[in-house]
Amino acid sequence: MSGVILWLPGETALAPLVEKSILKKRSSQAILSQDQGEVLSNSVPLSHVYIEADTPQAWKDALQEIRAAGICGLDLETTGLDPLSSRARLCQLSLPSGRVYVADLWELGREGASPLQDLGQLSERSDIKKVGHNLKFDLSFIQASQNRRLKMSNLFDTMLASQVCWAGYDSLQRADKATKNFWKTKTPEQSLKALAERHLGISLSKEFQASNWGADTLSPEQKVYAAKDVKVLLPLHEILMELLQKNKLEHIAELEFTALPSVIEMELTGLPLDTQACRSLMEQKKTQAQVLLQKLQAEAQKAGFEARRKKGTKYSPLLNPASSQDVLVFLQAQGYDISSTGEAALKELAFNGCSWAGDLLQYRKTSKQANDFLEKWLLKLSPIDNRLHGQYFQLSTRAGRFSSREPNIQQVPKRGEEGLAIRRLFRAPPGKKLVKADLSGIELRIMARLSQDKTMIEAFQAGQDLHKLTASKISGLPIEQITKAQRQGAKAVNFLLIYGGQPELLQKRAKETYGVDMSLEEAKEAHRKFFQTYPEVAAFHEKQRTLKRLPKNHYLHNYEKGFYSRQAVTTQTISGRKRIWGQREYGYTLASINQLYNSPSQGTGADLLKAIMGEVYSSLPDEVKMIGSVHDELILEAPEALAQDMASLLLGIMRRVGSELLSPVPVDAEVEVLDSWGG
DNA sequence: AACAATGGCGCG
DNA sequence: ACCGCGCCATTGTT
């Protein structure tokens with residue numbers, strides 16, 4: 001086993017294998033204010049813990065002190081989690097001196113102050129750094145209270161900073177219960193509580209987190225809790241700044257902080273959904289699904305299907321098409337030789353005349369569309385503005401892409417006529433247009449830049465179609481004679497092979513996706529020709545493979561050790577984002593080589609989109625909103641009169657920022673002004 | 001009842 | 001041994 005032994009988190013059985021090198025022990029306490037210990041003991045007068053800033057004058061004084069300091073910790077307590085339907089109640093501000101101000105925003109409001117306006121202005125000041133944990137939350141409430149776009153600047157999010165430093169890190173943990181997999185991989189916790197413990201040795205109680213923040217008067221205990229939270233932010237900021245610096249990740253953290261306001265805007269604005277059309281399409285699809293279900297079950301019954309008796313469920317003699325076991329048992333009993341009921345296998349059966357398999361596929365698609373998408377969206381629609389507010393997470397993925405949830409905006413159907421019809425439900429409101437921009441073929445451009453492949457770079461510089469070029473090189477035909485089908489085939493070749501796909505997979509995919517029968521020999525030949533045409537891509541792969549044997553120092557920090565380093569295999573994006581590869585299973589299996597090929601590319605795409613989002617956000621007029629982002633695509637909602645201008649703006653920024661990052665590879669984009677997401 | 005694993009499928 | 005996600009229902013386990 002040539003793998004490199006990475007560290008494990010402290011206490012596992014394998015810990016002795018780990019070399020511990022403590023570079024520099026730094027007492028976190030030195031950065032904490034003197035009375036931190038007393039604060040935690042709860043035995044000192046409240047005025048030593050926090051200062052109330054509930055009068056307009058006291059509030060003003062607090063803001064003045066912050067201006068003088070040039071930095072503050074910022075935290076809000078709110079009546080709920082949704083910035084559209086809940087309200088901010090308490091604002092906590094901390095200073096480098098350790099002083100904490102706690103302000104009851106409602107009380108201040110009654111006395112004629114406008115603290116949320118003040119906070120809005122604070123968020124925009126480039127000369128005052130705002131430090132918070134998951135600032136998306138707090139800033140969403142502040143932004144939601146304003147009637148203009150806040151051009152927030154000089155932000156430092158301790159959660160994002162920490163996530164940047166730990167990206168990709170997996171620790172092995174024993175499962176707490178007896179499960180099949182004894183070892184479980186776990187990503188480190190990134191809550192404020194976890195960070196305070198890890199880096200400062202402070203344990204924060206979360207007892208009051210969900211207490212009644214809408215009460216007539218807030219209790220001293222609630223305020224103490226709130227004050228303790230905000231007090232750890234600046235000490236954490238110090239440590240994370242240094243950690244970012246040691247790992248040369250300041251730039252990536254800055255990229256995340258700059259993208260943050262646009263994420264807030266996307267979540268707050270949400271997507272416009274045509275509710276009526278959505279409901280009727282849902283009903284139509286539900287009916288369709290119901291008809292198909294009965295047909296499937298009736299035919300199965302007629303053909304002699306007998307349900308197994310299952311533990312824990314009510315017995316039904318009917319086949320459940322959502323049960324892959326039921327389906328597999330039935331189809332095998334019918335004499336079909338299959339081992340999976342996935343789409344590829346069922347398509348094959350349907351093609352060979354099994355209409356039941358075709359119906360099942362249709363049923364799965366229709367019921368998924370009706371239940372998982374259309375119905376879910378209607379249930380998720382905000383009663384405040386009747387729009388769909390998915391959440392975005394900047395760093396929940398290993399390579400640095402966004403993830404999205406509740407609902408996942410990144411998996412809205414688009415393929416095929418049915419998918420398109422679903423996207424058309426996202427309609428711009430009257431007088432508005434959607435402006436959509438896609439980075440064109442960005443993965444291959446990134447690969448051209450990563451590998452510095454001469455042929456690829458020249459092709460892009462000449463504005464050539466790389467899929468056609470690949471098709472031409474494989475077939476030996478001149479580019480002008482390449483058919484659409486050949487181009488599609490070459491597209492599969494390009495995407496599969498740059499990430500390490502083997503000829504066997506190529507053969508399989510050609511069949512599945514295009515119905516092209518490719519012999520293994522032909523697939524091998526295409527594989528050979530591809531790397532012959534783009535030799536630097538092969539060299540890039542080779543270079544990535546060697547990374548496994550070239551671990552580098554990566555710095556971490558905790559309260560006990562201070563800053564310390566570990567030998568870690570890391571991969572990097574063009575912007576310098578790092579991903580740490582921890583071993584996954586017993587035996588120290590590292591990343592698969594294909595992951596090492598893919599990660600810098602995928603991560604660079606994320607870097608680029610985030611850079612573009614920051615840039616676009618800072619250039620948008622107030623009436624135009626950023627409403628969506630899907631890996632290589634951005635969506636704006638704009639008044640009709642501004643739509644064309646916004647299209648040019650997007651195109652210009654995407655080309656400029658992209659071409660700068662990928663230089664000498666040019667970046668291009670496709671922009672459209674639309675009435676709906678589906679065109 | 002709650003949790004874990006799996007298969008399946010939507011997107012890039 | 002092609003990468004990255006989130007979400008659902010089923011099925012088995014505690």
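So you know, we letter chains A, B, ... as the sequences are listed, proteins then strands, and number each from 1. Excluded from the calculations below are hydrogen atoms, water molecules and symmetry mates; all remaining heavy atoms, backbone and side chain alike, are included.
- Put simply, Ser324(A) has no side-chain N or O that comes within less than 4.0 Å of OP1 or OP2 on dT6(B).
- Between Asp372(A) and Lys376(A), none of the side-chain N atoms (NZ, or NE/NH1/NH2) sits under 4.0 Å from a carboxylate O, so this pair counts as no salt bridge.
- Considering only side-chain atoms of Asn594(A), the nucleotide from dC3(C), dG7(B), dT10(C) that sits closest is dC3(C).
- Residues of residues 365-374 of chain A that place a heavy atom closer than 4.0 Å to DNA chain B, in numerical order, are Lys365(A), Lys368(A), Phe373(A).
- Of the candidate nucleotides dC3(C), dC11(B), dC5(C), dC5(C) has the atom nearest to the side chain of Arg398(A).
- Across all strands, Gln502(A) comes closer than 4.0 Å only to sugar-phosphate atoms, never to a base (heavy-atom distances).
- Salt bridge Glu256(A)/Arg577(A): present, at least one basic N to carboxylate O contact under 4.0 Å.
- Counting non-hydrogen atoms under 4.0 angstrom, Ser599(A) reaches nothing in the nucleic acid.
- Geometric assessment of Lys186(A) against the ring of Tyr169(A) yields a negative cation-pi assignment under the 6.0 Å and 45° thresholds.
- Nucleic acid contact for Ala399(A): none, since no nucleic acid atom lies under 4.0 Å from a heavy atom of the residue.
- Within 4.0 Å (heavy atoms only), Arg405(A) reaches sugar-phosphate atoms of the nucleic acid but no base atom.
- For Lys610(A) and Phe402(A), the positive end sits near the middle of the six-membered ring, less than 6.0 Å away and at most 45° from its axis.
- Where the helix from dA1(B)-dT14(C) to dG12(B)-dC3(C) starts and where it ends, the local axes point in directions that differ by 0°; five pairs per end, rounded to 10°.
- Comparing the same atom, C1', in dA5(B) and in dC2(C) gives a spacing of 23 Å after rounding to whole Å.
- The pair Arg387(A)-Glu637(A) meets the salt-bridge criterion, since a charged nitrogen lies less than 4.0 angstrom from a carboxylate oxygen.
- Among dC2(C), dT10(C), dT11(C), the nucleotide with an atom closest to any side-chain atom of Asn320(A) is dT10(C).
- Using cut-offs of 30° and 60° for the angle between ring planes, the Phe540(A) and Tyr597(A) rings count as tilted.
- No engagement by Ser601(A) is indicated, since no non-hydrogen atom pair under 4.0 Å with the nucleic acid exists.
- Here Thr397(A) does not reach the OP1 or OP2 of dC5(C): none of its side-chain N or O atoms lies under 4.0 Å away.
- Ion pair Asp274(A)/Arg424(A) not flagged as a salt bridge, since none of the NZ, NE, NH1 or NH2 atoms sits closer than 4.0 Å to an Asp/Glu carboxylate oxygen.
- Nearest nucleotide to the Asp326(A) side chain, out of dC7(C), dG4(C), dT11(C): dT11(C).
- Among the atoms of the strands shown, none is found under 4.0 Å from any heavy atom of Glu633(A).
- Within the nucleic acid shown, Gln325(A) comes within 4.0 Å of sugar-phosphate atoms alone, with no base atom in reach, counting heavy atoms only.
- On a pure distance criterion of 3.5 Å, no polar donor-acceptor pair joins the side chain of Arg364(A) and the base of dG8(B).
- Glu504(A) comes within 4.0 angstrom of no nucleic acid atom, judged by non-hydrogen atoms across all strands.
- At the phosphate of dG7(B), neither OP1 nor OP2 sits under 4.0 Å from any side-chain N or O atom of Ser340(A).
- The pair Glu525(A)-Arg528(A) meets the salt-bridge criterion, since a charged nitrogen lies less than 4.0 angstrom from a carboxylate oxygen.
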Side-chain donor/acceptor pairs under 3.5 Å, residues 497-504 of chain A, sequence neighbours excluded:
unit_1	atom_1	unit_2	atom_2	d
Tyr499(A)	OH	Glu443(A)	OE2	3.1
Tyr499(A)	OH	Ser601(A)	OG	2.8
Gln502(A)	NE2	Gly500(A)	O	3.2

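- Closest approach to the Thr341(A) side chain among dG10(B), dG7(B), dG12(B) is made by dG7(B) (side chain taken as heavy atoms from C-beta onward).
- The pair Asp675(A)-Arg427(A) fails the salt-bridge criterion, with no side-chain N (NZ, NE, NH1 or NH2) lying under 4.0 Å from an Asp/Glu carboxylate O.
- Side-chain nitrogen and oxygen atoms of Ser592(A) include at least one within less than 4.0 Å of the OP1 or OP2 phosphate oxygen of dC3(C).
- Nearest to the side chain of Ser323(A), among dC7(C), dT11(C), dC3(C), sits dT11(C).
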